[in-house]
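Working notes, structure below.
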Amino acid sequence: MTAFESAPGRLFVAGGWREAADGARTEVIDPSSGAVLTTVAEAGPADVDAAVRAARDAFDDGAWSGLSGRERGRVLTRVAQLIRENAEELADLESVDVGKPYALCRAVDVEHTAAAYEHFGALAHALDGAVRETPLDALAYTRREPIGVVGAITPFNFPLILAGSKLAPALAAGNTVVHKPAEETPLSALRMAGLLQEAGVPDGVVNVVTGTGPVAGEALLRHEGVDKIAFTGSTAVGRHVAAVAGAALKPVTMELGGNAAHLVFEDADLESAVGAIIKAFVFNTGQFCMGGPRLLVARPVYRTLLGILAEAVPAVPVGDPRRAETVVGPMAGERHLRKVEEYVELARKEGGSVVCGGARLRLGGGFYYLPTVIADLPNDSPVVQEEVFGPVLTVQPFDTEDEAVALANSTAYGLASGIQTTRLARAHRVAGRLRAGVVWINDWAMLDPAVPFGGVKGSGYGREYGAEALAAYTQVKSVVVSLG
Ligand code: NAD
């Protein structure tokens, strides 16, 4: 069976595969060649309605929401096991769909998703309330209950991981879900629907509707039968989603754009820092909300570090995601490649010096862009301030710790950040001053389902992963029993 046969390009509703009501289908493109990979059903409002009804019925019949946390946890642990048993196939799907190197998909995307199901499966065992002491002649206690039907909307860049970061805690808490993956990269979501069913998740508890944001996404967002929205995507769409959900008084989790600063102090171990600096901006071809595209460097080591990057960055292997040595694959779509080209063009116009890269890599019909380092841009350049979302690093010098913190905090975003220093007190002091949801010290992208992540400012609100995420998929009910 090929990967595509195992992830049929149809909608998954109430435990069965079906075409869109109007028969619409859309093409999925292979970013490494520009060729059509396959087609998937394109859901319209009627399909989203059917999916939400299925999720509502499944929630109300209690076959999942009525189980104990431990029973649900066992099923989620089985999901993790099935993900690992099907690791090669899932990695293959994710790699062809997104253009990520296969080896990376296997080691990071697949394993991280399995770990999330494992983690929330374990947390489900401990899902409980608390007895509260009061002066009342009563027994007062709280129950943690699921919220109901969750509408999960995910972006193109980490389809497996970001679906898992929503579905695993939502399911652990006893909710049912309608998932709308990104239109460009829908394949692993469909395969996961089959694996969830195989693991024992009852029909209707998870539904997957592939389709566009303005049609399927909007229908899900506005559906009265949806009780909570879990959104990951751009800040622009996130603002709209939060406004619509806000008007309907629906709770939301908003995981939005990022534009992290990576601070290198003069006392940093440059040899180890350079690996983290490169990883931070080329990982996932720079299509990484938690990437580090803004390098801030203490002036005494600024020129030295630029020299190191000028040698090291061009040596990063760019190419076919199926080759074992590839570190940087193509951009996930042509529109992403064009956007990066436009930003680099703008950087040149604004006086930026392109230290390396600065051009497409012509390889087949793929959407490749060379890892690019740009110095000498003013801090107010859109290339520094906005989310370029490609393998582009801007480098700026600073003179004092205060200036470094001010530059780091100067954009509209606040998702991730990083510090390179060998001084312990400085590491903790600066970590406390950075306006970001996560701070990495002396490495980048150290992520684990046990550690909450999410943003501040334009990067959104709410946290995924950790016990915080599980809590966000529950609501507290207080029960007060008269003892009189
Ligand atoms: P996007 O905002 O264009 O799309 C995200 C999802 O929203 C897609 O499924 C899309 O179909 C859907 N959508 C679009 N319009 C909609 C509407 N009107 N109603 C409902 N849904 C709608 O984002 P993208 O280009 O797919 O992803 C890249 C963005 O996601 C970047 O900004 C990146 O930083 C961000 N991101 C954030 C995180 C995080 O954890 N904070 C993680 C990954 C990506």
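Start at 1 and go down the list; that is how both ligands and their atoms are numbered.
Gly213 CA, 3.3 Å is the protein heavy atom nearest to atom 13 (N) of ligand 1. Annotation: atom 11 (O) of ligand 1 to nearest protein heavy atom, Glu183 OE1, 2.5 Å. Shortest contact from atom 35 (C) of ligand 1 to any protein heavy atom: Gly233 O, 3.2 Å. Given atom 12 (C) of ligand 1, the protein heavy atom at minimum distance is Ile153 CG2, 3.6 Å.
Look at Glu218 and Arg222 and you find a salt bridge, because one of the NZ, NE, NH1 or NH2 atoms lies within 4.0 Å of a carboxylate O, short of that distance. Between Arg53 and Asp49 there is a salt bridge, since at least one side-chain N of the basic residue sits less than 4.0 Å from a carboxylate O of the acidic one. With respect to Lys279 and Asp443, a salt bridge is recorded, a charged nitrogen being found less than 4.0 Å from a carboxylate O.
Under 4.0 angstrom from ligand 1, the non-hydrogen atoms of Leu415 all belong to its side chain. Counting heavy atoms under 4.0 Å from ligand 1, residue Gln287 does not touch it at all. Of the heavy atoms in Ser459, none comes closer than 4.0 Å to ligand 1. With a 4.0 Å cut-off on non-hydrogen atoms, Phe453 touches ligand 1 through its side chain and not its backbone. Heavy atoms of Arg222 found under 4.0 angstrom from ligand 1: none, in either backbone or side chain. If you look at Phe158 next to ligand 1, there are no close heavy atoms at all, none under 4.0 Å.
The closest side-chain heavy-atom distance from Pro382 to Leu346 is below 4.5 Å.
Atoms of ligand 1 lying under 4.0 Å from any heavy atom of Glu218, numbered from 1 in the order shown and given with element: 17 (C), 18 (N), 19 (N), 20 (C). Close contacts of ligand 1 with Pro181, meaning ligand atoms under 4.0 Å from a residue heavy atom, involve 9 (O).
Aromatic pair Phe59/Trp64: centroids not less than 6.0 angstrom apart. Checked against a 6.0 Å centroid threshold, the rings of Tyr465 and His112 count as neighbours.
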Is there a side chain to side chain donor-acceptor pair (under 3.5 Å) between Gln385 and Asn259 once you walk through the steps? CA-CA 8 Å; Gln385 290 294 317; Asn259 187 12; over 6 Å; no
Before giving the answer on side-chain contact (heavy atoms from CB on, under 4.5 Å), spell out for Arg10 and Glu19 the whole-Å C-alpha distance, their side-chain angles and the decisive distance to 0.1 Å. CA-CA 5 Å; Arg10 299 197 295 277; Glu19 292 295 337; 3.2 Å; yes
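Of the listed options Gly257, Cys289, Gly454, Cys289 places a heavy atom closest to atom 38 (C) of ligand 1. Nearest to atom 34 (O) of ligand 1 by heavy-atom distance, out of Met290, Glu387, Arg239, is Glu387. With distances taken over non-hydrogen atoms, the option nearest atom 7 (O) of ligand 1 out of Phe231, Tyr465, Phe288 is Phe231. With distances taken over non-hydrogen atoms, the option nearest atom 43 (C) of ligand 1 out of Leu256, Val244, Asn157 is Asn157. Looking at Ala219, Ser165, Ser234 and measuring to atom 1 (P) of ligand 1, the nearest heavy atom belongs to Ser234.
Within the structure, no pair that satisfies the salt bridge (Lys or Arg N to Asp or Glu O under 4.0 Å) test touches residues 383-392, not counting sequence neighbours. Screening residues 461-470 for salt bridge (Lys or Arg N to Asp or Glu O under 4.0 Å), with sequence neighbours left out, gives Lys166-Glu464.
Remark: atom 4 (O) of ligand 1 lies closer than 4.0 Å to no protein heavy atom.
Within the cation-pi definition used here (under 6.0 Å to the ring centroid, within 45° of the axis), Lys457 does not qualify as a partner of Tyr413.
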